[in-house]
Every structure is written in structure tokens, then in C-alpha cells.
Protein chains: 4
Amino acid sequence: MMIPAQEEVALSRVARRKVETNRRLLKVARQLFSEKGIYWAKVEDITELADLGKGTFYKYFESKEAIIRVLLEEGLSELAAETDAAVRRASSPAKILSAAITTRVDFFLRHPDYLLLFHQVRGMLQLQVDAAKGLLEVYDAHLRWLAKAVRPAVEGTEASTARDLATAIAAYTSGLLTYHVLFEGAEGVRRRRDSLVHAIEQSVKALIKSGSGRSISLKRGK
Amino acid sequence: MMIPAQEEVALSRVARRKVETNRRLLKVARQLFSEKGIYWAKVEDITELADLGKGTFYKYFESKEAIIRVLLEEGLSELAAETDAAVRRASSPAKILSAAITTRVDFFLRHPDYLLLFHQVRGMLQLQVDAAKGLLEVYDAHLRWLAKAVRPAVEGTEASTARDLATAIAAYTSGLLTYHVLFEGAEGVRRRRDSLVHAIEQSVKALIKSGSGRSISLKRGK
Amino acid sequence: MMIPAQEEVALSRVARRKVETNRRLLKVARQLFSEKGIYWAKVEDITELADLGKGTFYKYFESKEAIIRVLLEEGLSELAAETDAAVRRASSPAKILSAAITTRVDFFLRHPDYLLLFHQVRGMLQLQVDAAKGLLEVYDAHLRWLAKAVRPAVEGTEASTARDLATAIAAYTSGLLTYHVLFEGAEGVRRRRDSLVHAIEQSVKALIKSGSGRSISLKRGK
Amino acid sequence: MMIPAQEEVALSRVARRKVETNRRLLKVARQLFSEKGIYWAKVEDITELADLGKGTFYKYFESKEAIIRVLLEEGLSELAAETDAAVRRASSPAKILSAAITTRVDFFLRHPDYLLLFHQVRGMLQLQVDAAKGLLEVYDAHLRWLAKAVRPAVEGTEASTARDLATAIAAYTSGLLTYHVLFEGAEGVRRRRDSLVHAIEQSVKALIKSGSGRSISLKRGK
DNA sequence: TATGAATGAGTGTTCATTCAT
DNA sequence: AATGAATGAACACTCATTCAT
């Protein structure tokens, strides 16, 4: 992992400004995408809020679609990094699940904009639309990674089991949070954070137990 | 539930044609929204595929947004109707859950276009966009209804518990199916239907049990 | 050849309006392309001058490039038709050349806008630019046709000779008129019409004679 | 004609670099204008290919239009210089024509980029566009010079005759070469160089003869 | 009622030019 | 002098919607 402070110290003032501009565009785009959606947010809205000329956007991103892709990659990679750290700290297979779920919930409660962005991207991915090309692979890579990370929790089973488990974790978390944020607002959901984490954990664990006679078996923690 | 044949018999030929045109537009719109998404599908695509003049669309629906709303209402109400029938058939509180979940899964496997449409609408609902106005209430009403329908499964608890249960059923189903359809295709998911139904059931039931010490308690079936 | 009056009588009012709009767009585009050039003339300039909405343009032509192509085809085909008529009237091979040249000069003096449009298109055709695709073939077809039309004037020689002759006729006419219009204005050139026709005729005929020992030989008229 | 070596020796290193940069920009611009045309070639394409910063372009040329003007002037003056040298070498009035035509053809076969650039400029000159201002005078000066240079070939006639002759030489050469390059490629035309030179010579000389009874009369060489 | 020609505000994107470094 | 980040006016093209027929 990079140490930004040091890295940037090595850059010239101009280079630092470029990095800063890049960041500002991404930040503003994330905000606007979550306020108006990837479709209704215009490139000009982004540059205006970022206090930049419209042309500047295209110096940093090839197209509107490109910035969505970068945000998706950044978001998923940040989520993966946090999950990775938490999973490493887990002392038993069972705790791995808790760690992954908790991290995921907390990530989305901290970044409801990503919750919505990912939701919209998942919607787009199912369309026969150019914009979807390539993004599917990005998302799939994330799930493959998550499957690998939670593999110890279902040790001894086939790889496909871990993938199903990863899918369930992702689906339940995104699904439940989206519904609750929708009807209760982000703040309301934040207050119920513990109960939601608990609920998802139970649901996912039930999945493993139930699968024992089938394809998923839980490796009991100590 | 209505009996179309009888109803239409009572209508004049002109009126029957109108109903038929209305239906064709809705059907075609559903198809195109799920192929290209509500944004990328143009009104003209719809009328063209429906073999109608472009102006005709606006004789039946005030706007593109309006047809989305009608589709949402129709879809949710069909889903509710099927769920209602299944739940009525359930002989015990526990079976109510199974019935609701199974119906939901089967509904979306039969109508993957609704799965995607609802997904897109949920995304839109979070936006500060005119198009979202009003739709939230439609969706909320459906969940309120579902909460009421599954209430017997958590009898004795507060209303909010049933609502949480309904939310979980809806969220888990939509979430899991969306992810699986995304990466495995609708056909692949259809083949795994049983295992997905089972998984969601387990997940939802675990939720109730876990909640017993908290807020959700399962009314055991006989 | 069609008889517009009759043909249009058969069309509905709406259809007649469409034909009329199509014509107006072509006419206005021709004018503007010759005033500002194919690059500096904007689509909006065209629709504005045609007193139409901007979108209307795209109902009639796929793109700006498309209308250029249509104008090129129309212009070349009109030129070919006039040349054809004149050549048919020619009573001897030698007169064929005169007829072709005279028609060409008169065509461009009557339509200086085509003189410029064709000039611009020839310039574009040499570029490695998408817009050039396809247009080359249109132009080439015209020259092939012209070669065939003047073939009798160089009877007995190879086909390539006729093609060279056609090229010379086209090149000398366009070249000379363009230079003269440039420095003397269209009106000035119109006044010298006879001398220019005569000059080009002499030049082209000299070409044939000179080629006699080589590849071009003139078929003497009576 | 300047003697670069000597001239540059007198310059400081910095000044020499400036001259070199200036030349590189002109060379690259010529190449790109002939590949993509003066409109489609971007300033950034030029500086990039010249391996310079974009801003540098504007240190050397006021605008994109300005570099076109410089290229036109340079090209025409180089062409004039070569023609001048050849014409001086001509031992008779008749040979002056041959010299002028041969030089012109060879110049364009050596520099097909100038053939295209001049063609595009001639097109632009007819437009009511700011970019055309001033360029017309540059082109006109060249033709006035050419008229003077070929004057001996039509000695005794009015000045306007020489101008018409100059126009014909320029028009026939550019016209014919453009058409042939267009359909046969620069390489193909180069192979037919002799026959094209011969053809243009005959055409131009026929012009003089024919004009004798009118306005152009050929001063016979020995 | 049904139509589809017409519309024009709005979109993503481009590019010549500027200017702080 | 050289740079290249920033700019914003312009442009080609789109599409939901209207309305005369």
C-alpha cells in the first residue's frame, strides 16, 4: 500500500495539482452520481461543482463511462482492501464471515454513495448496452476475490461453494441495505447498524449450515 | 383476480382494441426496458416494436415515466396476487414464509424483466430526481402489504418486525437473483431454482430465530 | 427521367411536404456549403436558413456527411444527364468532345456552388479520414461513365485512353474554372464563357492528337 | 535563394534552435495537413508529432491559420524559385513553357503534400470565411509572377494573355495531377510522369496557337 | 383515434487558444 | 523559451414530446 504523503512529496507542484484535480473530479462525480444517478448527472454538473472547465474532465477521463468504471474499480478495491484487513484479523473461519459482513456493512454505511453506484452499475451490467462492456469483468473479479477470502469458512468444499457464499454475502448486504436506506434513509439505517449486521450474519451462516447436507459445510471456529 | 374474457366481452370493439393496444405497449416496453434499460430504451423503440405510431404512445401514457410507473404497479400487484394466493394455501405460519419466498423466486424467474425493472426503479428511487416522485409510495405500499401477509409468521411481535421480515424477503430475493442472473444468466439460475429457494428460506428463517431474543420471533408451525 | 408534376400529384399532401422539405434542405445546404464550405457550414446554419428545427435535418439525412454525399451524387448525376443529352446530339466523334466540354463548362457556370462542392470533395477524398470512404467510388463511377461517353472520340484505342481523356476533360474544366472564378468572380467568368470553352476544347483535342503516336488517337469527324 | 549553412553559422545556438523548431513545425504540419487535411489535423497532432509542447506552437505561429499561410507562401515561393531557375535555362520562348510545366509537375510529384495543400487552400479562398482573408493575395501574387515568367512565350500580346496562360498552366497541372493522384495514387502518377508532362505541354501550347487569332499568340522558338 | 413530421433544449465531446510556471 | 494544464465556446447529434392532419 502506498504512503500518499511521501509519494506526493516526490511530485512537482504541477503534478500534485493534477493528482488533486483528478481526485476532485472523482469525489464530485461520486457525489453527483449518488444524488442524481449516473444518467441524470451531467458531465457539466461534475465540472461545475468541481469548479473546473468542462474540457478539463476529458483531460482526465476519456468519457463519462470511463469515470464510472474508475469509481467502480476504486470502490470495489477499497472495499476489498478493508475486507482483506478485517479477514486477516479474524482468528477463526467463523469469524471470517463476521469480519467480511461487518466490513461490508460498515463500508456502505460510510459510503452510501457507493451503495447506490454499485446498485446502478449492477443494473447496467444486465443491459445489452455498450456501456456495460468490461464492467462485468471488474465486478466478477471482485466476487472471485471475495470467494477466495471467505474460502476458509467453507473449507473442504468445492470452489463453487465459496463463490456462492461470496455472492450471498454481497447480495444480502447490498440488497438489505438498499431497501432499508430507501425507506428509512441512510441515517436511520446507521442507527440500526448492529441489528442489520447481526441479521445478515445469521442469514449467511444459516446458508452454510443448510448447505452442509448439500454443498456448503461450515468449518466450525474454536 | 379479473377474468379478462368476460370483462372484454362487455366492451365495444373499439374499446377492446384500446385495451389491446395498451397491453401491447406495456408488454413491449417491459421487454425493451429489460433489454436496454429504462434510460436507453427510447419511446420510439417501443412504438416501433409495437408497430404503432409514435404519437400513439402518448395517447395511452402521459410520459415515458408514466409507463414505468404503470409497469411497476402492474408487476408488484401481480407479484402480490400470486403471493397472496400462495400464502392463503399455506397451512402453517412457517409455510407462509416458504410460500412467499417460493412465489417471489418463481415470479422473477418467470419474469426476469421485472427483476431488472424493479432493480432499476429501486436505484432511481434514491435519486433527487423528479422521476422518482410517487414511485416510492408504490413500492412502499407493496412492502407494507407483504409485511401484513407474512405477519402470522412472526405473530405476537411488533408490526415493525413484520416489516423487517418483508424487507428481508424482498431484499434477499431480489439481491440474490440479480447477482446470480448477472453472472450465470437467467437460464443458469433457473436450473438452480430449488437450491436458491432453499437458501433464501434458510436465511430468512435464521433471521427470525436470531431475532427472537431481540425483536423477531418465529411462530412455530405445527 | 421522371415527370415531377405527375409524380407529385400522386402523393398525399404530407408526402409532398416531405419531398419539399427534403429539397429545401438540399438546396440550402448547397448554398451554404458554397458560401462557407463543407466544414464551416454548420448543420444548424442549414436548418435555420431552411426555417426548420435542428432535429428535422436528421430525419432526412443520417449525418452532415450524408447530405454531402447526396449532393455529390445529385450533382454528378445531373451533370452526367446533361452531358449524355448533349453527346447524343453530337453528329460526329469530334463533336462529342465539344459537347461534353461545353456542357460541363455551362453546368458549372450555372452552378458555381457545385464547382466548389466538387472541389472540396476531391480535396477530402485524398485524406485518411472516415468521411472520405465511399465518396471516392461515387466520383470514380462518374469518370468511368464519362470515359464511356467520350469513347467514340478515341475509337480503336484502349479503354484506358478514354479514361485518360475523361480525366483530362474533368480536370481541365474544373481546374480552369476554379482558378478563373477565384480571381475574376463567377460573373466575370460567365462573360468569358466562349473563350474558355474554346480553350479547353483546343487543349483536350491537342491531347488526343499528341497521343496519336502514343496512346490516344482522334477519330476524325466528318 | 538562401544559403542555410552560412546563414545559420552566424546565429547563436539559441537562435539556431529556434530556426530548427520553426522548421520542424512547418514540416510536420505539411505532412499532417496532407494526411488529414487542414481541418482535421489538430494543432496538438502537430506539436505531438514534432515532439514539442502544445504551447510552443503559438510561440512560432499566431494561429493554425497562420501556419497554413506560411506553408502556402513557402510552397509557392519554392515552386517559383524552381520555375525561375528552369525558365532562365530555357533557350527559346517555346522552351520556357516546357520548363515551367515540367518544373511544376516535378515539384508536385516530389511534394504531393503541397498539391493537396494548395488544392485545399484554393477551396478555402472561395469561402466567405475569415480564414480566407489575405491568402487570396498570396496566391494571386504567385500567378502574377508566373505570368511575367512565361510572358516571353506570348510576346507581343497583352499582359492579360500572359496571365491567362499562367492560369492555364497552373490550373491544368494542379487539376490533372489531383485527379490522377486521387484515382491512381501518387506512386502510379510518378510512373506516368513523362506522359503527363507531355500532355499538359500539348494542351497549353494548343491554347496559345488557338488563341493567336484571338488573344494568345505563340512566339515561336527557334 | 392514430399518426409521424417537426421540434429544440439538452448531451457528450472536441479543440484552438491562453497563461501560469 | 518551452510547457501542458486548463478553458469554454462550439458542434454534431439525440429524443421526449407536441400537434396538425
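What's counted below: heavy atoms across the whole structure, side chains too, no hydrogens, waters or symmetry copies. This structure is a prediction, so every number in the text was calculated from the model and none was measured. Below, chain A is the first sequence line, B the second, and so on; all start at residue 1.
Using a 4.0 Å cutoff on non-hydrogen atoms, the parts of residues 51-63 of chain C near DNA chain E are L52(C), G53(C), K54(C), G55(C), T56(C), K59(C), Y60(C), ordered by number.
One atom, CD of E44(D), and another, C1' of dT3(F), lie 12 Å apart when rounded to the nearest Å. Spacing between atom CG of D45(C) and atom C1' of dC13(F) amounts to 15 Å, rounded to whole angstrom units. What separates CD of E48(A) from C1' of dG12(E) is a distance of 15 Å, to the nearest Å. Put simply, CZ on R24(A) is 13 Å from C1' on dA5(F), counting in whole angstrom units. For the pair R16(A) CZ and dA5(F) P, the computed distance is 15 Å after rounding to whole Å. Here the P atom of nucleotide dT7(E) and the NZ atom of K42(B) are 22 Å apart, to the nearest Å. Between the C1' atom of dA2(E) and the CG atom of L25(B) lies a distance of 12 Å, rounded to the nearest Å. In this entry the distance linking CD1 of I68(C) with C1' of dA12(F) reads 12 Å, nearest Å.
Sequence order on DNA chain F of the closest nucleotides to K64(C) and E65(B) puts K64(C) first from the 5' end.
Listed nucleotides dA5(E), dC11(F), dA2(F) differ in distance to K18(C); the shortest reach to its side chain belongs to dA5(E).
Heavy-atom contacts from other residues, nucleotides or ligands closer than 6.0 Å to NZ of K27(B) number 12 or fewer. Atom NZ of K18(B) has 12 or fewer heavy atoms from other residues, nucleotides or ligands within 6.0 Å.
In this entry dA1(F) has no Watson-Crick or G-U wobble partner, no candidate having both defining distances under 3.5 Å. Nucleotide dA6(F) has dT17(E) as its partner under the Watson-Crick or G-U criteria, with both atom distances under 3.5 Å.
For the pair R16(C) and E20(C), the salt-bridge criterion is not met [side-chain N within less than 4.0 Å of a carboxylate O].
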Applying salt bridge (Lys or Arg N to Asp or Glu O under 4.0 Å) to E65(B) and R69(B), what does each step give before you reach the verdict? CA-CA 6 Å; E65(B) 195 199 317; R69(B) 183 199 188 93; over 6 Å; no
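The heavy-atom pair separating L32(A) from A41(A) by the smallest distance is O-CB, 3.9 Å.
Ring-plane geometry between H119(C) and H119(D) is classed as parallel, the angle between the planes falling under 30 degrees on a 0 to 90 degree scale with a further cut at 60. Using cut-offs of 30° and 60° on the angle between ring planes, the pair F118(D) and Y139(D) is perpendicular.
Taking only side-chain nitrogens and oxygens, T47(D) never comes nearer than 4.0 Å to OP1 or OP2 of dG4(F).
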